[in-house]
Amino acid sequence: MAIDYSQLIPNNVDLGSDRRLQRALENWQPRFLDWWKDMGPDGTSAFEVYLRTAISVDANGWANFGYVKMPDYRWGIFLAGQDPDRQIAYGDSKGKPAWQDVPGELRSTLRRLIVTQGDTEPASVEQQRLLGKTAPSLYDLRNLFQINVEEGRHLWAMVYLLHAYFGRDGREEAEALLERHSGDPDKPRILGAFNEQTPDWLSFFMFTFFTDRDGKYQLASLAESGFDPLARSCRFMLTEEAHHMFVGETGISRIIQRTCELMKEHKTDDVRALGAIDLPTMQKYLNFHFSVSLDLFGQEASTNAANYYTMGVKGRFLETRIDDDHLLTGSSYEIETIEDGRIVKKAVPALQALNERLRQDYIEDCARGVLRWNKIIEKAGVNFEMKLPHRGFDRRIGAFTGSRVSPDGKVLSEAEWKANEAKWLPTDEDRAYVTSLMGPAVVQPGKFAHWIAPPARGINGQPADFEYVRFN
Ligand code: BYC
């Protein structure tokens with residue numbers, strides 16, 4: 001029986017008027033639900049979760065709160081409002097009207113970017129599949145599920161573009177998005193960080209702080225795309241993304257706060273003996289997630305990035321606010337690289353350095369969050385400072401690959417690295433300790449696991465003991 005998708009899938013793309021598109025989505029939707037059942041949050045289909053659902057893009061419509069069973073969540077398709085006069089802001093097509101359809105010569109490039117973006121969304125849901133079993137509170141459990149359903153919606157956003165604009169190839173790519181799986185040796189996800197595990201809540205909060213923030217910067221660059229439907233999709237996705245980073249930042253803040261409280265109360269640094277997560281262990285997790293996320297920006301000098309820009313498919317962060325010629329053909333940009341065993345600064349054509357420039361914007365944003373974490377530590381009177389490691393630390397993509405760089409930016413021999421690695425990155429023992437603190441899930445309203453402080457306020461103004469998840 002035909003499903004009325006304009007009813008079932010809230011949307012502002014007039015789905016009801018396009019039979020071909022409807023049929024394509026009718027085909028894909030049950031596969032998505034099968035994937036959600038098999039690879040989404042484990043054993044949760046009967047839970048009723050206090051979720052926000054977007055039913056329109058305006059201020060009142062994008063955050064509708066209510067109890068929803070996740071398989072019944074209405075994964076809507078929303079593009080930010082259209083500016084009929086929008087012009088492409090950069091590259092060879094600068095000043096031309098934004099494209100409402102895919103220019104033939106950009107078809108494979110755009111498809112590839114949309115697929116790469118789309119691939120990360122279900123990947124993160126897969127990575128977080130088991131976390132519900134060890135949630136430190138109902139509040140946190142609800143936030144995990146909110147993020148999961150919204151990553152699902154972001155997948156829908158990219159699948160909509162593939163179905164609506166890329167014909168048969170697009171439909172095949174949409175299928176493949178459900179066939180690759182995080183960490184699968186035969187069919188892995190496309191980007192490295194999305195094949196790592198997110199086995200515990202410290203990892204989850206670090207992931208949502210660091211890796212979701214890559215999402216923010218990549219989406220912001222794609223929000224500058226000359227292909228208007230992509231730009232508008234990404235602009236709306238960014239609205240939801242902010243909550244994901246909030247969960248990461250406040251999650252880590254609350255762990256820091258709890259740890260510092262225990263350190264003060266018991267006048268000790270040895271908080272492991274007290275069942276909390278010590279600050280040096282948090283620093284190691286930070287180092288890991290930061291460096292894995294830096295890799296997501298690609299090579300420092302990249303002809304792909306130069307081509308994306310020149311062709312008008314992917315811009316810079318807040319492109320229109322930058323005061324330059326938006327062509328970048330004559331300018332250069334300084335990147336760091338390794339030459340003769342030393343880290344050196346080197347000017348490269350600015351067009352080639354766009355990945356690095358975006359990475360730099362990202363690093364500055366991360367640093368502001370770390371500063372806020374340090375304020376909590378300082379306020380507690382504890383003598384410890386969290387730091388972002390050097391951008392060359394433990395990298396697998398780009399100029400630093402194959403070199404050993406310490407967190408403070410010294411190039412090391414393999415022996416020096418080996419002698420210190422356990423101080424800088426989580427060891428098996430650290431991971432086992434953090435895992436030992438996880439679970440079983442804390443399910444009494446208003447109660448929190450011992451190692452994390454309660455949040456400053458509830459979701460949507462709800463009280464501390466609100467029943468965010470009802471188990472049925
Ligand atoms: N892993 O010239 P380069 C999010 C490949 S997160 C594996 O630098 P380019 C989210 C690259 O494909 C945001 N391979 O590449 C967060 C290329 O391959 P070819 C996701 C990698 O294209 C949390 C080769 O190396 N969105 O939304 O400039 C939860 C040369 O590299 C990696 C996007 O990424 C890697 N890390 O840059 C949920 C936006 N890096 O051409 C969601 C779309 C590079 O030699 N993607 N390679 O076969 C892009 O804009 C670009 O593909 C990248 C790579 C920036 C990722």
Side-chain angles (χ1 to χ4, degrees), residues 108-129 131 144 146-158 161 173 177 180 182 188-196 198 203-225 227 230-231 233-234 236-238 240-245 247-248 289 291-311 313-317 335 337 348 351-359 361-362 394-401:
S108 66
T109 306
L110 272 165
R111 194 184 57 217
R112 182 184 154 137
L113 283 173
I114 291 168
V115 166
T116 306
Q117 177 62 50
D119 190 70
T120 63
E121 316 289 1
S124 67
V125 177
E126 292 168 357
Q127 289 171 298
Q128 296 161 15
R129 171 171 170 69
L131 286 174
L144 167 71
Q146 181 71 61
I147 290 172
N148 291 163
V149 291
E150 283 175 355
E151 301 302 8
R153 206 199 67 73
H154 293 179
L155 170 62
W156 270 91
M158 294 300 113
L161 294 175
E173 292 286 9
L177 284 167
R180 288 184 292 272
S182 177
R189 292 296 177 181
I190 296 170
L191 299 173
F194 294 91
N195 290 303
E196 300 286 347
T198 312
S203 301
F204 172 66
F205 291 134
M206 289 291 180
F207 181 95
T208 43
F209 182 86
F210 287 110
T211 307
D212 278 84
R213 195 173 308 273
D214 169 56
K216 168 182 165 184
Y217 281 83
Q218 298 297 343
L219 288 174
S221 304
L222 295 173
E224 304 289 345
S225 182
F227 177 41
L230 173 61
S233 295
C234 291
F236 184 63
M237 288 158 77
L238 281 165
E240 292 163 326
E241 200 66 36
H243 174 69
H244 307 184
M245 288 176 293
V247 168
H289 286 273
S291 59
V292 162
S293 302
L294 287 186
D295 279 341
L296 291 172
F297 290 82
Q299 310 267 355
E300 286 77 4
S302 161
T303 42
N304 281 350
N307 291 337
Y308 299 152
Y309 189 82
T310 307
M311 295 187 295
V313 299
K314 186 180 176 193
R316 288 172 291 178
F317 184 62
I335 62 167
T337 182
V348 296
L351 272 176
Q352 281 182 28
L354 288 168
N355 285 343
E356 185 60 11
R357 184 175 172 142
L358 192 63
R359 181 161 27 233
D361 291 330
Y362 166 84
D394 199 33
R395 293 287 302 283
R396 297 202 173 20
I397 300 275
F400 296 99
T401 311

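Side chains are part of it too, since the values below use all heavy atoms of this structure and drop only hydrogens, waters and symmetry mates. Note that the coordinates shown come from a computational prediction; the quantities given were computed from them, not determined experimentally. Order of appearance sets the numbers: ligands from 1, and atoms from 1 within every ligand.
With a 4.5 Å cut-off on side-chain heavy atoms, Ser124 and Gln127 count as touching. You'll find the side chain of Tyr308 reaches within 4.5 Å of the side chain of Thr109, heavy atoms only.
With hydrogens and angles left out, the side-chain atoms of Arg316 and Tyr309 include a donor and acceptor closer than 3.5 Å. If you check the side chains of Gln146 and His243, you find no donor sitting under 3.5 Å from an acceptor. In this structure, a donor-acceptor pair under 3.5 Å is absent between the side chains of His289 and Glu196.
In terms of the salt bridge (Lys or Arg N to Asp or Glu O under 4.0 Å) criterion, residue partners of Arg213 (sequence neighbours excluded) are, by chain and number, Asp365.
Pocket lining of ligand 1, defined as residues with a non-hydrogen atom under 4.0 Å away: Arg112, Leu113, Thr116, Gln117, Thr120, Glu121, Ser124, Glu151, Ile190, Leu191, Gly192, Phe194, Phe207, Thr211, Asp212, Asp214, Gly215, Gln218, Asp295, Leu296, Phe297, Gly298, Gln299, Ser302, Asn304, Ala305, Tyr308, Lys314, Asn355, Ile397.
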